[in-house]
2 protein chains.
Amino acid sequence: MNLLFSPQRFDDPGAGPLYLQLQRRIAEAIASGRLAPGDSLPAERDMATMTGLSRVTVRKAVQALVLSGQLVQRRGSGTFVAHKVEKLEQALSLLTSFTEDMQRRGRTVESVWLSRAVHSPSPEEVMALGLGADDRAARLARVRRSDGIPLAIERASLSTAFLPDPEVVETSLYGVLEARGLRPTRAVQRISAANLGPRDAELLEVAEGVAGLKIERVSYLPSGQVIEFTRSLYRGDAYDFAVELKLT
Amino acid sequence: MNLLFSPQRFDDPGAGPLYLQLQRRIAEAIASGRLAPGDSLPAERDMATMTGLSRVTVRKAVQALVLSGQLVQRRGSGTFVAHKVEKLEQALSLLTSFTEDMQRRGRTVESVWLSRAVHSPSPEEVMALGLGADDRAARLARVRRSDGIPLAIERASLSTAFLPDPEVVETSLYGVLEARGLRPTRAVQRISAANLGPRDAELLEVAEGVAGLKIERVSYLPSGQVIEFTRSLYRGDAYDFAVELKLT
DNA sequence: AAGTGGTCTAGACCACATG
DNA sequence: ATGTGGTCTAGACCACTTC
């Protein structure tokens, strides 16, 4: 530990900014196992005096490692090497139920509703759902958790023609639709990456700016009509989507 | 503009940290169109005096918006509202050629080799490629660009049994393999999100910490043998992968 | 009560871009 | 030459956790 934070080599010219040098040192210590998951780092002030850097510079190095998921900070408690999160693998080309998926893995499932209500549709919803001037949109938003860890935020929108009362949805939206005789047969998903904003980061219990996987799904009825439009945000560190390719 | 950076309302109690208040203000100005793409913001020092905040605090607000892709900073030049990047949509369940893909869209394609060489395999490569003790790994790394914008970093690994001399690959790896009678028929991709590290961020010409889409692909020969293992890193702001779901 | 991370300040120097 | 963002410092107070 004394070695890790010794002021030596911080005067090297051409080694780049000081915060990057420190960041690299810590990252290497983690990669090599000299810092193991769960280990605590010295307090920021202590690292500063040990390295001869200012606390602001130490913080900048630490922040980058928090963003990349290698460190975790807890206010009032300390800075720790992150535990490896076993990535959950999920097939992308099958529409699977979150609940069944997790139970098959022997994990607990919790789902916290953020809202279930009817709103005037946003322009995005009008586009995606093909709504008319007087149509209204039912919105369902929830946080999906497993074993106490939040994994994803799901925000679904439907025309009230298909779901007049969103309050009736307890667990499975598709279950409720099925009971009403509505069965999507095709869906298209679009996947991209984005840094989480303050709100979403808080809901997923990660630092602001952490990378998240954004998935937008549009589901279609056999008639070709759009029935549902869902935007999900997955924790990038906890999820892994798998796709099998057909090669011609 | 005077309005945007007026010190009013920065004394509101209960509105959260100052940098978040400023961040929110700027984000709203962009969303509402009062700040249009390409517009320049005042210099950091000027924003600081206008708002009555310190430069460090202004920087923290700006940094977050740079991370989320809403602002762009150019050293020596200024801070600007980012131009909307039209997201490139790509089908995930087809193995498409980057070159053909872009040309079909009427875009130029450039590919910059970072390295083409033979190495001792890393543990990861041994695992993925199923290498033996004496096998060596051919590595190909390049940055894919289109219209002058870097879009992705591709790092491919193969056993030298399949590709003894990586230097022969000029544009298409699959083309070279095909010429050698090697034709993958199945591939599995795993997708997740990650914050870009200093090196990768530089190669993709974005700020460190920006969200990237990480795709790992393993391709198989008809015999079931693994022929290739590729790790790609796409700019999260410029790419969008599409998958169609089969619903049973 | 003591220690931790979170926020904030005022001021400084450097490297780079543009006129 | 001037202005810009990039880095860095020393010191301060707050909110929270832990003892």
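For clarity, every value in this text was computed on a predicted model and none was experimentally measured. Naming convention: chains lettered A, B, ... in sequence-line order (proteins, then strands); numbering from 1 in each chain.
If you find the closest nucleotide of DNA chain C to A:Val56 and to A:Gly78, the one lying nearer the 5' end belongs to A:Gly78. When each of A:Ser77 and A:Arg55 is assigned the nucleotide of DNA chain D with its nearest heavy atom, A:Arg55 is the one assigned upstream, toward the 5' end. Comparing A:Gly52 and A:Gly76 by the nucleotide of DNA chain D that holds the closest heavy atom to each, the one mapping nearer the 5' end is A:Gly52.
Considering only residues two or more places apart in sequence or on other chains, B:Thr57 meets the side chain to side chain contact (heavy atoms under 4.5 Å, CB included) condition with B:Leu18, B:Tyr19, B:Leu53, B:Ser54. Checked against side chain to side chain contact (heavy atoms under 4.5 Å, CB included), B:Ser172 has the following partners two or more places apart in sequence or in another chain: B:Tyr174. Scanning for ring pair (Phe, Tyr, Trp, His ring centres under 6.0 Å) contacts around B:Tyr239 gives B:Tyr234, B:Phe241, with sequence neighbours left out. A search for salt bridge (charged side-chain N to carboxylate O under 4.0 Å, His left out) contacts involving B:Glu208 returns nothing, not counting sequence neighbours. Annotation: side chain to side chain contact (heavy atoms under 4.5 Å, CB included) contacts of B:Ser77 (sequence neighbours excluded): B:Arg74, B:Phe80. Partners of A:Thr230 under the side chain to side chain contact (heavy atoms under 4.5 Å, CB included) rule, at least two apart in sequence or in another chain, are A:Glu154, A:Ala156, A:Arg217, A:Glu228, A:Ser232. When the salt bridge (charged side-chain N to carboxylate O under 4.0 Å, His left out) test is applied to A:Arg155, the partners found at least two apart in sequence or on another chain are A:Asp200. With sequence neighbours excluded, the residues that form a salt bridge (charged side-chain N to carboxylate O under 4.0 Å, His left out) with A:Arg190 are A:Glu216, B:Glu89, B:Asp240. B:Arg107 pairs by the salt bridge (charged side-chain N to carboxylate O under 4.0 Å, His left out) definition with B:Asp147, not counting sequence neighbours.
The distance from atom CG of B:Leu18 to atom C1' of D:dC14 is 12 Å, rounded to the nearest whole Å. Rounded to whole Å, atom C1' of D:dG5 lies 7 Å from atom CZ of B:Arg45.
For residues 60-74 of chain B, proximity to DNA chain C is found at B:Lys60, defined as any non-hydrogen atom under 4.0 angstrom from a strand atom.
From one end of the helix from C:dA1-D:dT18 to C:dT18-D:dA1 to the other, with five pairs defining each end axis, the axis direction shifts by 10° (rounded to 10°).
When DNA chain C is scanned in the 5' to 3' direction for atoms under 4.0 Å from non-hydrogen atoms of chain A, the outermost contacting nucleotides are C:dG3 to C:dT7.
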Steps toward side-chain contact (heavy atoms from CB on, under 4.5 Å) verdict (B:Lys214, B:Ile191):
CA-CA 6 Å; B:Lys214 187 160 67 178; B:Ile191 305 164; over 6 Å; no

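Distances shorter than 4.0 Å separate some side-chain N or O of B:Thr79 from OP1 or OP2 on D:dG5.
A side-chain N or O of B:Gln70 and one of B:Ser68 form a donor-acceptor pair less than 3.5 Å apart.
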